[in-house]
Amino acid sequence: MLQVSRKFEYGLHAVTYLATKGAGRVVTVKEMADLIGFSQEFLSKAMQCLKKAGIVASVQGVKGGYRLGMPPEEITVARIGVAIEGNPHLTRCVIKPDSCEIAGHCNYRGYMRHLQNRIQDLMASTTIADLIREYEPSMPVSQ
């Protein structure tokens, strides 16, 4: 069935964690990995993708680490997904119709495209601030 990648999951958790730590607070990958319970090495790879997209910023030096690169209200779940995985697709025919051997007579291609669009719309309309308010109401959202 449908499943997000571990790298996406790590990135989403890390961005949410940074958003609860206060504006500009720098957090190390080790701290995030230890507190969230993820592999430090794998989380580092997700953080590099997020940095490249401007979602997080890295701070060099002894007190270095990562901080948010933009306000949590501007970071959507879709933005994180694209930064880590690229453009989403549920089935190969959505990206490359000629890669599917039954594309010419598939009865469900339209439905799959519709499903993908609904998922993408939900992800694009959900910000990190929304996630924290809805699912972690006791946690503050940094400003």
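Note that the structure is a prediction, hence the values are computed from the model and not measured.
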Could you pull out every donor-acceptor pair under 3.5 Å between side chains of residues 52-72 and any protein atom, sequence neighbours left out?
residue : atom : partner : partner atom : Å
Ser58   : OG   : Lys51   : NZ           : 3.3
Ser58   : OG   : Gln60   : NE2          : 3.4
Tyr66   : OH   : Gln48   : NE2          : 2.7

Would you indicate whether the side-chain heavy atoms of Leu12 and Ile128 approach each other to under 4.5 Å? yes

Main-chain N/O of Leu122 paired to Ser125 side chain as donor or acceptor, under 3.5 Å: yes

CG-CE distance between Asn117 and Met112, expressed to the nearest 0.5 angstrom: 11.5 Å

Evaluate Met32 against Leu18 for side-chain contact (heavy atoms from CB on, under 4.5 Å), listing each step before the verdict. CA-CA 9 Å; Met32 283 188 282; Leu18 289 173; 4.1 Å; yes

With Lys30 via side chain to side chain contact (heavy atoms under 4.5 Å, CB included) - residues at least two apart: Thr28, Asp34, Gln40

Side-chain touch Ile75/Thr127, heavy atoms, less than 4.5 angstrom: no

When rounded to the nearest 0.5 angstrom, what is the spacing between NZ in Lys7 and OG in Ser39? 12.0 Å

Ile36 and Val26: same hydrophobic cluster, using ILVMFWY side-chain contacts below 4.5 Å? no

Whether over 12 other heavy atoms sit under 6.0 Å from Arg25 CZ: yes

Side chain to side chain, Ile80 and Thr76, heavy atoms closer than 4.5 Å: no

Tightest non-hydrogen contact, residues Ile84 and Phe8, listed as CG2-N, 3.8 Å

Do Met47 and Val4 share a hydrophobic cluster (ILVMFWY, side-chain heavy atoms under 4.5 Å, transitive)? yes

Who are the salt bridge (Lys or Arg N to Asp or Glu O under 4.0 Å) partners of Asp121, not counting sequence neighbours? none

Hey, are the side chains of His114 and Arg118 touching, using non-hydrogen atoms and a 4.5 Å cut-off? yes

Do Arg113 side-chain atoms and Tyr108 backbone N/O form a donor-acceptor pair below 3.5 Å? no

Write down the atom of Leu43, the atom of Ala14, and the distance for their closest heavy-atom approach. CD1-CB, 3.8 Å

Any idea how Phe38 and Tyr10 line up, ring-wise: parallel (<30°), tilted (30 to 60°), or perpendicular (>60°)? parallel

